[in-house]
Structures are given as structure tokens and as C-alpha cells.
Asker: 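Quick one: structure below, then a few questions.
Here is the naming used below: chain letters follow the sequence lines, and residue numbers restart at 1 for every chain. All heavy atoms count here, side chains included; hydrogens, waters and symmetry mates do not.
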There are 2 protein chains.
Amino acid sequence: MKRLLRQIDSEISALGGKRSRSRASIIEVFFRSGRHLTVDELTSEVRARNRDIGAATVYRTLKLLSRLGYAKELDFGEGARRYESSLTAHHDHLVCTGCGNVSEFEEPRIERLQDEVAKKHGFVPTMHRLAIYGTCPRCLSPQPRETAE
Amino acid sequence: MKRLLRQIDSEISALGGKRSRSRASIIEVFFRSGRHLTVDELTSEVRARNRDIGAATVYRTLKLLSRLGYAKELDFGEGARRYESSLTAHHDHLVCTGCGNVSEFEEPRIERLQDEVAKKHGFVPTMHRLAIYGTCPRCLSPQPRETAE
DNA sequence: TATGATATTGAATGTCAATGTCATGATATA
DNA sequence: TATATCATGACATTGACATTCAATATCATA
């Protein structure tokens, strides 16, 4: 973790950037959470530690991480995009429409079929987005306690 | 086509709605286009026929078609959503990042694998979204004439 | 350390798609 | 045709995100 932060800092320096406490704080909270957060959610969590960090800075920091390849922008059509750490391998998403939780899966066979489809259409694919929407096991369970958000 | 418009009108009546020229015009242009349009694009095309139709009405009409099941809302993360006729069978999308054009494909094997994945995670799937992004054959061709925005 | 060049900050403001509001106009039915 | 009600277009508002700006923090150099 410390290691990761230092690595990111050095990349920023290499690009002519400078360090900042706000940014370090945002980056740390982001990677610690390990979830798929909206800017709004991350801002709340960051503010719980440091009251006076502006939302704009959270936006900027996530954009920065995304440019550097440490974060990925996700769009599940919820109106606000989510960010995830891109330290894990490639994967697609299961989105629960009940509680909003997002989990991940890998399925090489689907990947292969996608390439096949693209090729058949004379398309050169650069990326894809696959999300399966539905109800997660937790929300399906008989005693539907509080559903987050 | 006339048939379709009449069918939609009668459904609207059944729900306590009334007919209107603006709406009829919007619906007709939408289905005739056969493309995946943003509200903005559709508004332009509609205005070419009838100068004084407001954008709000186009929004409302597409929402209505969507509620009635005649149109589908699509979100390719472009900032504005697109609508497509839902008269054709289920399919996924190929999005050209060069010219913005959207084409369709069906791949039952992918569908099957998706259900399998969902089941494996204890998920009850209700829908999915799959878009493959890349460059279409036209944009790949040696003489890169004008690429429509 | 002190300095100065430059990056970063938070707040305010701008932008843009989408939706809400409302007075006016259109439509269906008695 | 009267009247009840829906639909319209103009305009305002919302909410996510980007941008601007003056103040401040950082860092290499003296």
C-alpha cells in the first residue's frame, strides 16, 4: 500500500507533478476501500478523515489515476460513473439492481466469442463492456434486511 | 408503419392519453430512421419537418415509447443516451469509436454463458448490457474520407 | 533556509443532458 | 359546443462533471 502510493507519486513526479496531502489521502482511501465507488461516495469517505477536501479534487485525482492506468472508469448507466482499482486482472461486472452492489467475474469463453463476433463484422475491437444486471444472493434471501443505499 | 402508429395511438388512448401531431411526427421520424439516435439527433431530424417542436417533447415521447416497450434506452457512456426501436429481436452492440456508428449483433452462445455465470454467482439476472468498442470497417478503409462525428 | 517557479488546492462558476413547471393550446366525449 | 383533461413549448432547475481563479503548497536551486 505504502509501496503503491510511493510508486504513484514517483510517476507523477516524472510527469512534472508535485505531491500533495489531499491527493495522497484520496488515493489511499480509494485503494483501501476496494469497492466500486462513485465520486460522491469516495468524497464522503475522504471527508470523514479530512473535512476540507473539495469534491473537485476527488474528481481530479480519480481522473489522474485513470490516466496513469491505476483506476478504471465504469459506467453502469446509473447517472454517475464509478471507479475501480485496475490492479486486478480484467473482468466484467454483476450489478445488483436491489442494493447497487457490484461484483466481478471473468469468463474467457465470453472474451473469445466477443473477438470472434468483432472479426466477423470486420471490426477491430479495442475494448468491451459487459454488465449483467439482476438480484444478488443477499437481496434474494428470505429476510430482506436493510438494503444498502 | 401507419399500422404501428395506429397501434401506439390506441395504447396511449387506453391509458388515458390523447393524440397529438407533434408526437405522431416524432414517433414516425424515430421509427423511419432505424438508427440508434440521441435525443439531440432525433430533435434535429424532427425539426427539419416541423420547426417548432420542443426538445422537451422529444424527450417525453421517447420516454413514453420506452415505457410502452417500443423503444429501448441505450447508454454507451458517450454522455448522452441513445434510443433504438425495440421491434427487432434482442441483440448487443458494436460501437465504432471513430465515427460513432452503432451496429448490432446476436450471439446466443454469449447469452448462454452469461446465464451460466449469473447462476454460478447466485445471481438472478434480469438483463445485461454488452457493447464491443472498436473501429468499424469503414473507418479502417485506406482512404479515410470524412468521418461523421 | 530562503526564494522563486510552478503545480495543486477549494470554492465558485460554467456546461450539458435530462427533467420539472406552468400557462396556453389541442383533443375527446357528452 | 362546452368542458374536462391531456399535451405542448418555453423556461427554469437539477445533478454530474469540467473549468477557472486566487491562494497556497511543493520542490529544485541558490
Asker: What is the separation between atom CG on Leu64(B) and atom C1' on dC6(D), rounded to the nearest whole Å?
Answerer: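 For the pair Leu64(B) CG and dC6(D) C1', the rounded distance is 12 Å.
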Asker: One pair to check against ring pair (Phe, Tyr, Trp, His ring centres under 6.0 Å): Phe76(A) and His93(A). What are the steps and the verdict?
Answerer: CA-CA 9 Å; Phe76(A) 297 120; His93(A) 296 96; 5.3 Å; yes
Asker: State, without any angle test, whether His36(A) and Glu84(A) hold a side-chain donor-acceptor pair at a distance under 3.5 Å.
Answerer: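 Checked: His36(A)/Glu84(A) side chains pair up, N/O donor to acceptor below 3.5 Å.
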Asker: With salt bridge (Lys or Arg N to Asp or Glu O under 4.0 Å) as the criterion, how do Lys120(A) and Glu116(A) come out once you've worked through the C-alpha distance, each side chain's angles and the decisive distance to 0.1 Å?
Answerer: CA-CA 6 Å; Lys120(A) 198 188 322 181; Glu116(A) 189 182 303; 5.0 Å; no
Asker: Is there a side-chain polar atom (N or O) of Tyr59(B) under 4.0 Å from OP1 or OP2 of dA18(C)?
Answerer: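 Answer yes for this pair, as a side-chain N or O of Tyr59(B) is under 4.0 Å from OP1 or OP2.
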Asker: Between Leu62(A) (CG) and dT8(C) (C1'), how many Å, whole number?
Answerer: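 Checked: the CG to C1' distance equals 16 Å.
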Asker: Does dA28(C) have OP1 or OP2 under 4.0 Å away from a side-chain N or O of Arg19(B)?
Answerer: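 So the side chain of Arg19(B) is within the cut-off, an N or O lying under 4.0 Å from OP1 or OP2 of dA28(C).
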Asker: Distance check needed: dG15(D) P versus Glu78(A) CD, whole Å only.
Answerer: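 In whole Å, dG15(D) P lies 16 Å from Glu78(A) CD.
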Asker: What's Asp40(A) touching, base or sugar-phosphate or nothing? Going by heavy atoms closer than 4.0 Å.
Answerer: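 No contact.
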Asker: Of Arg35(A), Arg81(A), Arg82(A), which is the lone residue that meets salt bridge (charged side-chain N to carboxylate O under 4.0 Å, His left out) with Glu41(A)?
Answerer: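 Per the salt bridge (charged side-chain N to carboxylate O under 4.0 Å, His left out) rule, the option paired with Glu41(A) is Arg82(A), out of Arg35(A), Arg81(A), Arg82(A).
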Asker: Arg23(A) side chain N/O closer than 4.0 Å to the phosphate oxygens (OP1, OP2) of dT8(C)?
Answerer: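 Yes, Arg23(A) has a side-chain N/O under 4.0 Å of OP1/OP2 on dT8(C).
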Asker: Provide, to the nearest angstrom, the distance between the CG atom belonging to Leu15(A) and the P atom belonging to dA7(C).
Answerer: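 These atoms are roughly 12 Å apart.
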Asker: Ignoring the backbone of Ala56(A), work out which of dA12(C), dA4(D), dT8(C) is nearest its side chain.
Answerer: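 Selected nucleotide: dA12(C).
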Asker: Roughly how far, to the nearest 0.5 Å, is the NZ atom of Lys72(A) from the CG atom of Leu87(A)?
Answerer: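 With rounding to 0.5 Å, CG (Leu87(A)) is 9.5 Å from NZ (Lys72(A)).
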Asker: So, is Ser20(B) close to the dT8(D) phosphate, meaning a side-chain N or O under 4.0 Å from OP1 or OP2?
Answerer: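 For dT8(D), OP1/OP2 do have a side-chain N/O of Ser20(B) under 4.0 Å.
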Asker: Are OP1 or OP2 of dC27(D) and a side-chain N or O of Ser13(A) less than 4.0 angstrom apart?
Answerer: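 No, Ser13(A) has no side-chain N/O under 4.0 Å of OP1/OP2 on dC27(D).
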Asker: Expressed as a whole number of angstroms, how long is the span from Ile53(A):CD1 to dT9(C):P?
Answerer: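 Spelled out: CD1 on Ile53(A) to P on dT9(C) is 9 Å.
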Asker: Once you round it to whole Å, what is the distance between P of dA18(D) and NZ of Lys63(A)?
Answerer: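 So the two atoms are 4 Å apart, to the nearest Å.
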Asker: For dT26(D), does OP1 or OP2 lie under 4.0 Å from any side-chain N or O of Arg21(A)?
Answerer: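 Looking at the OP1 and OP2 atoms of dT26(D), one of them is under 4.0 Å from a side-chain N or O of Arg21(A).
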Asker: Taking only side-chain N and O atoms of Arg81(B), does any of them lie within less than 4.0 angstrom of OP1 or OP2 on dT19(C)?
Answerer: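 For dT19(C), OP1 or OP2 has a side-chain N or O of Arg81(B) closer than 4.0 Å.
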Asker: Please give, in whole Å, the distance from dA28(C) C1' to Asp9(B) CG?
Answerer: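 The distance from CG of Asp9(B) to C1' of dA28(C) comes to 13 Å, rounded to the nearest Å.
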Asker: Judged by each residue's nearest nucleotide on DNA chain D, which is more toward the 5′ side, Gly16(B) or Val58(B)?
Answerer: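 Nearest nucleotide further toward 5': that of Gly16(B).
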Asker: Taking CZ from Arg60(A) and P from dT9(C), how many angstroms apart are they, rounded to a whole number?
Answerer: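 Rounded to whole Å, this separation is 6 Å.
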Asker: Side chain of Ile12(A), heavy atoms from C-beta onward: which of dT8(C), dA18(C), dA11(C) has the nearest atom to it?
Answerer: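 Of the options given, the side chain of Ile12(A) lies nearest dT8(C).
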